[in-house]
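The block underneath contains the structure these notes are about, expressed in structure tokens.
Positions are given from 1, in the same order as the sequence printed here. For clarity, every value in this text was computed on a predicted model and none was experimentally measured.
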Amino acid sequence: MSRPLKKDATYADLCAVPENFVAEILGGELYASPRPASRHSLAASALGAKLMSPFHFGENGPGGWWLLDEPELHFAADVLVPDIAGWRRERMPAIPNAAYFTLAPDWVCEVLSPSTESIDRGKKLAIYAREGVRHLWFVNPLLQTLEVSRLESQRWSLVVVHEGGTLVRVEPFDAIELPLAALWAT
């Protein structure tokens, strides 16, 4: 995914990418990467599972969020697919009946892979800031790290980096302790 497949890409170009790839349009360029590897999938699935009950369903937590795996986000000509995204229900009271979202999430999580990290930290990070996403997490299953950033004055500010298998409280989900060990294939 480090090089674009096509410049001046259209949504029709994106739809023509085989289903076993994740396709995105960033700055007019079409990128496609194979479905994530097992450690990537485990980290994203485990994180979603840990957040879903307390924040999406309000079980043993405050609720108030919509949390979705790999939603398609449309921002002007850009089409992004974060690993997980979350919207506060006060901003998006109901899930729209649509194939994609145009309202920027309040939080996104990108699980880093060697083949996609430069895009996640570069083009996608800039688009998330432009669109006003407030919170961003980078999960690295190979290094076993969680980087937490917050948008301040249209710039990303690194809040904290956690590593290993500790219990952590991290914004915007600091109402619960998150066991990082659950994210890693050990």
Next item on the list: Specify the closest pair of heavy atoms between Leu142 and Pro114, including all atoms of both residues, with the distance to one decimal.
Entry: CD1-CG, 3.8 Å

Check: Under the 3.5 angstrom rule, does the side chain of Asp120 hit a backbone N or O of Glu110 as a donor-acceptor pair?
Finding: no

Note to self: Looking at Pro172, is its backbone amide N or carbonyl O close enough to the side chain of Trp107 to form a donor-acceptor pair, meaning the two atoms are under 3.5 Å apart?
What the structure shows: no

Margin query: For a side chain to side chain donor-acceptor pair (under 3.5 Å) check, start with the C-alpha distance between His40 and Ser113, then their side-chain angles and the critical distance, and finish with the verdict.
Written below: CA-CA 7 Å; His40 181 122; Ser113 297; 2.7 Å; yes

Next item on the list: Assess the pair His135 and Phe173: is the distance between their ring centroids shorter than 6.0 Å?
Entry: no

Checklist line | Heavy-atom side-chain proximity of Leu167 to Leu178 below 4.5 angstrom | finding: no

Notebook entry, point to check: Just by distance, do the side chain of Asn140 and the backbone of Leu112 share a donor-acceptor pair under 3.5 Å?
Noted result: no

Notebook entry, point to check: Do Glu70 and Arg35 pass the salt bridge (Lys or Arg N to Asp or Glu O under 4.0 Å) test, and can you show the C-alpha distance, the side-chain angles, and the key distance before you say yes or no?
Noted result: CA-CA 11 Å; Glu70 297 186 344; Arg35 301 299 309 165; 2.5 Å; yes

Notebook entry, point to check: Hey, are the side chains of Val139 and Cys109 touching, using non-hydrogen atoms and a 4.5 Å cut-off?
Noted result: yes

Note to self: Pair Leu51, Ile176 - check side-chain contact (heavy atoms from CB on, under 4.5 Å), show working.
What the structure shows: CA-CA 9 Å; Leu51 296 177; Ile176 66 161; 4.2 Å; yes

Item checked: Minimum heavy-atom distance between Gly48 and Ile84, given as atom pair plus value -> N-CD1, 3.9 Å

Note to self: Would the distance check show the side chain of Arg169 and the main-chain N or O of Ala175 forming a donor-acceptor pair, the cut-off being under 3.5 Å?
What the structure shows: yes

Checklist line | Phe75 and Leu73: CA distance, side-chain angles, deciding distance, side-chain contact (heavy atoms from CB on, under 4.5 Å) verdict | finding: CA-CA 6 Å; Phe75 305 137; Leu73 309 176; 3.7 Å; yes

Note to self: Show the nearest heavy-atom pair for residues Pro179 and Glu177, with the distance to one decimal.
What the structure shows: CD-O, 3.6 Å

Margin query: Any side-chain to backbone donor/acceptor pair from Arg91 onto Ala104? Under 3.5 Å, distance only.
Written below: yes

Next item on the list: Assess the pair Trp65 and Trp87: is the distance between their ring centroids shorter than 6.0 Å?
Entry: no

Notebook entry, point to check: Is any NZ, NE, NH1 or NH2 atom of the basic residue among Arg130 and Asp78 found under 4.0 Å from an Asp or Glu carboxylate oxygen of the other?
Noted result: yes

Margin query: Do Trp66 and Leu103 sit in one hydrophobic cluster, given that two such residues count as connected whenever their side-chain heavy atoms are within less than 4.5 Å of each other, even indirectly?
Written below: yes

Item checked: Glu171 and Arg150 ion-paired at < 4.0 Å -> yes

Check: Could Lys123 and Glu24 be called an ion pair, given the rule that one side-chain N must be under 4.0 Å from one carboxylate O?
Finding: no

Item checked: Non-hydrogen atoms of Pro36 and Ser41 that approach each other most closely -> O-OG, 3.6 Å

Notebook entry, point to check: With the threshold set at 4.0 Å, does a side-chain nitrogen-carboxylate oxygen contact exist between Asp106 and Arg134?
Noted result: no

